[in-house]
Amino acid sequence: MIAILKKGTTENEIKELTSWFEEQGVRCHLSKGDYQTIIGLIGDTSHIDTELVESLDMIESVRRISEPFKKANRKFHPDNTVIKVGNVTIGDGSFNVMAGPCSIESETQIIEIAKAVKAAGATILRGGAFKPRTSPYAFQGLHEEGIKYLIEAKEETGLPVITEIMDARHLPLFEDVDILQVGARNMQNFELLKALGETDKPVLLKRGLSSTLTELLMSAEYIMASGNPNVILCERGIRTFETATRNTLDVSAVPVLRELSHLPIIVDPSHATGVARYVKPMAMCGTAAGADGLEIEVHTNPKAALSDGAQSLTPAEFEDLMQAVAKIHAAL
């Protein structure tokens, strides 16, 4: 349930009303927008008399919300969530591209790629230190050493950095990482999500391979319910019957999520397609659909990459992609 307050309601009136709601056994989520102030009621609201609430002088209207996700719900928070990462802002209408190698392979490699993607217009550096792989014999990443190299690239270029976390026990290693990424396989690792909810770092949450949008938003809810409102949603392709691409990029997820939630949305066409030549057109589609940004894999020598070389762009290809999506975003 949400209670929309009339313009001019005082802070004392809001405090008294939230106290009254809490006495009814529900929790309150206060959202102050540019034009409206909303109190979202979380918990069992079936016993609350909506007619009684609507009769109060400070109440403009009351609505019952059927969706199970509350904190991630746009009805609870009409204004877009804006997340600051260093000098980068996500969700304010600007367009941000996270780019870099699937796996960090060496200090030289990540710094070289970082400089190249920054020169092409990327605003955030991505790089995998801990890699979840289908095969236990595949390259699993450099782990702590990889994070060290990623931070060195950050210091060298000034780009904020994002990398995937797979285990809450590794959190101390991520102290200097700007955005924590939760991969598709861990989207419903609820203990990890709750641990990330106790941090104040932005979390990029990737959609699971076979997950619905409601399930994605419920996973975001786990993070937010634990106290961290800084969640970024990522559409990275889902598993379908089609085998021509690694996954199927669900471009329709962008406008649907925009309608359902106030959280920023990133599209990852690299993992969605698994084929480098398809990345640019799908990046253009994601941009046109209204995403807040992209996550793109870039490698100086994709044929020699230790993981996901087939979907990685060269720096020159990445620069070409950036020019294309810039035109689309400008047109929007």
Checklist entry - Do E156 and K115 sit within salt-bridge range, that is, some charged N less than 4.0 Å from a carboxylate O? => result yes
Checklist outcome for this item: On a heavy-atom basis, the closest approach of S211 and I238 is O-CG2, 4.4 Å
Checklist entry - Could you walk me through whether L249 and E235 pass the side chain to side chain contact (heavy atoms under 4.5 Å, CB included) check? => result CA-CA 7 Å; L249 181 63; E235 164 56 39; 3.8 Å; yes
Next on the checklist: Ignoring hydrogens, what is the shortest heavy-atom contact between L150 and L125? Give both atom names and the distance.
Outcome noted: CD1-CD2, 3.9 Å
Checklist entry - Taking E295 as the fixed residue, which of N96, I162, I232, I124 is the one that meets the side chain to side chain contact (heavy atoms under 4.5 Å, CB included) rule? => result I162
Item to check | Non-hydrogen atoms of V251 and A289 that approach each other most closely | outcome: CG1-CB, 3.6 Å
Checklist entry - Under 3.5 Å, is there a donor-acceptor pair between the S46 and D44 side chains? => result yes
Checklist entry - Take atom CD in E51; do more than 12 heavy atoms of anything else shown fall under 6.0 Å from it? => result no
Next on the checklist: Counting only heavy atoms not in F76 (residues, nucleotides, ligands), do more than 12 fall under 6.0 Å from its CZ?
Outcome noted: yes
Next on the checklist: Check this for me: does any side-chain nitrogen of one of D292 and R258 sit under 4.0 Å from a carboxylate oxygen of the other?
Outcome noted: yes
Checklist entry - Any chance NZ of K84 has more than 12 other-residue heavy atoms, nucleotides or ligands included, within less than 6.0 Å? => result yes
Item to check | Point-to-point distance, once rounded to the nearest 0.5 Å, from CD1 of I165 to CD1 of I147 | outcome: 7.5 Å
Checklist entry - Hey, are E191 and K194 close enough for a salt bridge, meaning a charged N less than 4.0 Å from a carboxylate O? => result yes
Next on the checklist: How close do N189 and M166 get, counting heavy atoms only, and between which atoms?
Outcome noted: ND2-O, 4.2 Å
Item to check | Within 6.0 Å of CD in E22, more than 12 heavy atoms from elsewhere | outcome: yes
Checklist entry - Would you call D308 and R246 a salt bridge, using N to O less than 4.0 angstrom? => result yes
Item to check | E164 and K206 ion-paired at < 4.0 Å | outcome: no
Checklist entry - Using the ring of each side chain (for Trp, its six-membered ring), is F130 parallel, tilted or perpendicular to H170, with breaks at 30° and 60°? => result parallel
Checklist entry - Under 4.0 Å between a Lys/Arg side-chain N and an Asp/Glu carboxylate O for E317 and R277? => result no
Item to check | T287 and H329 side chains, donor-acceptor separation under 3.5 Å | outcome: no
